[in-house]
Number of protein chains: 2
Amino acid sequence: MSAEKAPITCVVADDHPAVLEAVAEFLAQAGIEIVARARDGEEALERIEQRKPQVALVDVRMPKLGGIELARRAQRSVPETAILLYTGYGDRALLTEALDAGVRGFVLKEAPMDDLVRAVQSAAAGSTYVDPVLAGTLAASSVGNKLPQLTQRERDVLRLLADGLSNEEIGKRLFISAETVRTHVRKAMDKLDADTRTQAVARALRDRLIA
Amino acid sequence: MSAEKAPITCVVADDHPAVLEAVAEFLAQAGIEIVARARDGEEALERIEQRKPQVALVDVRMPKLGGIELARRAQRSVPETAILLYTGYGDRALLTEALDAGVRGFVLKEAPMDDLVRAVQSAAAGSTYVDPVLAGTLAASSVGNKLPQLTQRERDVLRLLADGLSNEEIGKRLFISAETVRTHVRKAMDKLDADTRTQAVARALRDRLIA
DNA sequence: ATCGGGATCCCCGATTCGGGGGACGGCCGC
DNA sequence: GCGGCCGTCCCCCGAATCGGGGATCCCGAT
């Protein structure tokens, strides 16, 4: 018994043609059956729902529908498909967000391509593959290093703060008093462990808590 | 006369193995001679200086040495090599910075791979290739929409500001007075057209003027 | 040689911020 | 039903910031 079991079925999605081709080609040569390719999130979701592959290897950043949201939806409609994220970088926010979106694995684009095969095989086998580098990040974040949870209101305020509005102006915009804005800002600063409102905004931006 | 002129020589550099393979493979099939491949900026620069290819297709973000800085150095040591940037996205900051770094072209990773060939050929022929999408951005930015140029000092100050330091603390850190810090902040605010220091930091972060 | 820009420093008055406190209603979960 | 979180609003006070001036020095470009 060697190469004669049914091949793993896989959908590949990436908005970069080069990546899409390379990945699909490589996996195919490794004996994995590429049942579909997609260039954006929506297309990927369609293909996954149509073909119900064992594995879907998707880019995180794609037009129309990002990898995370794609995973979230595919999780509901096609739970038997394991979603693997193919990402160029990994920060805690992405990691944790993807985790509870039901993602079954991470592969870094910097990693050797052989890792792709291992990841796909792991995912198909039901286990989870996480890139070693990301695993480190993950470990660090689970050892008490969880990133703060901002409320919607706090994000609203920080967002406007980042746009240069004063407390007063933000209050007018959100139909609340400047005092309340101050409260939100201070609570956000507290959560973000920031000494100044500016630092709070910078941290929120860097951690992608606000856009 | 068709396929029998000397092939264009090209170095390809990308830290993502998938991209590196795909691009090199594709260009090779298009009759372009790939004289070297590199996985990071330093390696790329070495290869370029050794092989002096007509074209070097390099990723913007690479370990050790980014594409822009690579272009800047290669421009001095090997001016006969045309540097093509292969980038996943294009914002004005990147575009303008790359332009005066001597970059000879841009290709988006989202673009069809055939564009790669055209870009390489254009670059080899001495002209400049810019991805249509980026060309749009470029046009928009040349119609008075140029993004601000911050001085090193201004970036330093904004950087520390983003870390929550006060003027006083920044001054201590940079061995200048808090008053001078204020001046830099105000000039940066001025350039960034920001109403508050917080907005200045947010804009600088978003436009990647500071990290 | 002049001119501009960058970096440095200073003063002022008005406003805002940071950090502390308290308060009230609503909603959700236990 | 009660505690806890969220969102809202208010007070005080000292410190910092804002926006507007002006000033000096040096270097590189013209």
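In what follows, chains are A, B, ... by sequence order, proteins preceding strands, each numbered from 1. What you see is a predicted model; the values in this text were computed from it and never measured.
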D195(B) atom CG is separated from dG20(D) atom C1', nearest whole Å, by 15 Å

In this structure, how many angstroms lie between the P atom of dG6(C) and the CD1 atom of I176(B), rounded?
15 Å

Is any side-chain nitrogen or oxygen of R197(B) closer than 4.0 Å to OP1 or OP2 of dT17(D)?
yes

Are R153(B) and dA7(C) close enough that a side-chain N or O sits under 4.0 Å from OP1 or OP2?
no

Whole-Å distance, K187(A) NZ to dG20(C) P, equals 14 Å

Spacing between D190(B) atom CG and dA7(C) atom P, to the nearest angstrom:
15 Å

Separation of atom CG in L158(B) from atom P in dT17(D), rounded to whole Å
14 Å

R186(B) atom CZ is separated from dC9(C) atom P, nearest whole Å, by 14 Å

Does dC9(C) have OP1 or OP2 under 4.0 Å away from a side-chain N or O of T180(B)?
yes

Contact check, side chains of H184(B) and I170(B), non-hydrogen atoms, under 4.5 Å:
no

Return no unless some side-chain N or O of S177(A) is found under 4.0 Å from OP1 or OP2 of dC9(D).
yes

Contact under 4.0 Å: S166(A) side-chain N or O vs dT15(C) OP1/OP2:
no

Taking R173(B) first and then D156(B), would you say they form a salt bridge - that is, a charged N and a carboxylate O separated by under 4.0 Å?
no

Run the side-chain contact (heavy atoms from CB on, under 4.5 Å) check on L65(B) and D40(B) step by step: do they pass?
CA-CA 7 Å; L65(B) 190 61; D40(B) 63 66; over 6 Å; no

Are OP1 or OP2 of dT16(C) and a side-chain N or O of N167(A) less than 4.0 angstrom apart?
no

L165(A) side chain reached by K172(A) side chain, heavy atoms, under 4.5 Å:
no

Using atom CG of L161(B) as one end and atom C1' of dT17(D) as the other, report the distance to the nearest whole Å.
11 Å

T9(A) side chain reached by Q54(A) side chain, heavy atoms, under 4.5 Å:
yes

Nearest of dG18(C), dC6(D), dC10(C) to any side-chain atom of T183(B)?
dC10(C)

If you only use heavy atoms from C-beta on, which nucleotide in dG20(D), dT8(C), dC12(D) is closest to the side chain of H184(B)?
dT8(C)

For E179(B) and dT24(D), give me the distance from atom CD to atom P, rounded to whole Å.
17 Å

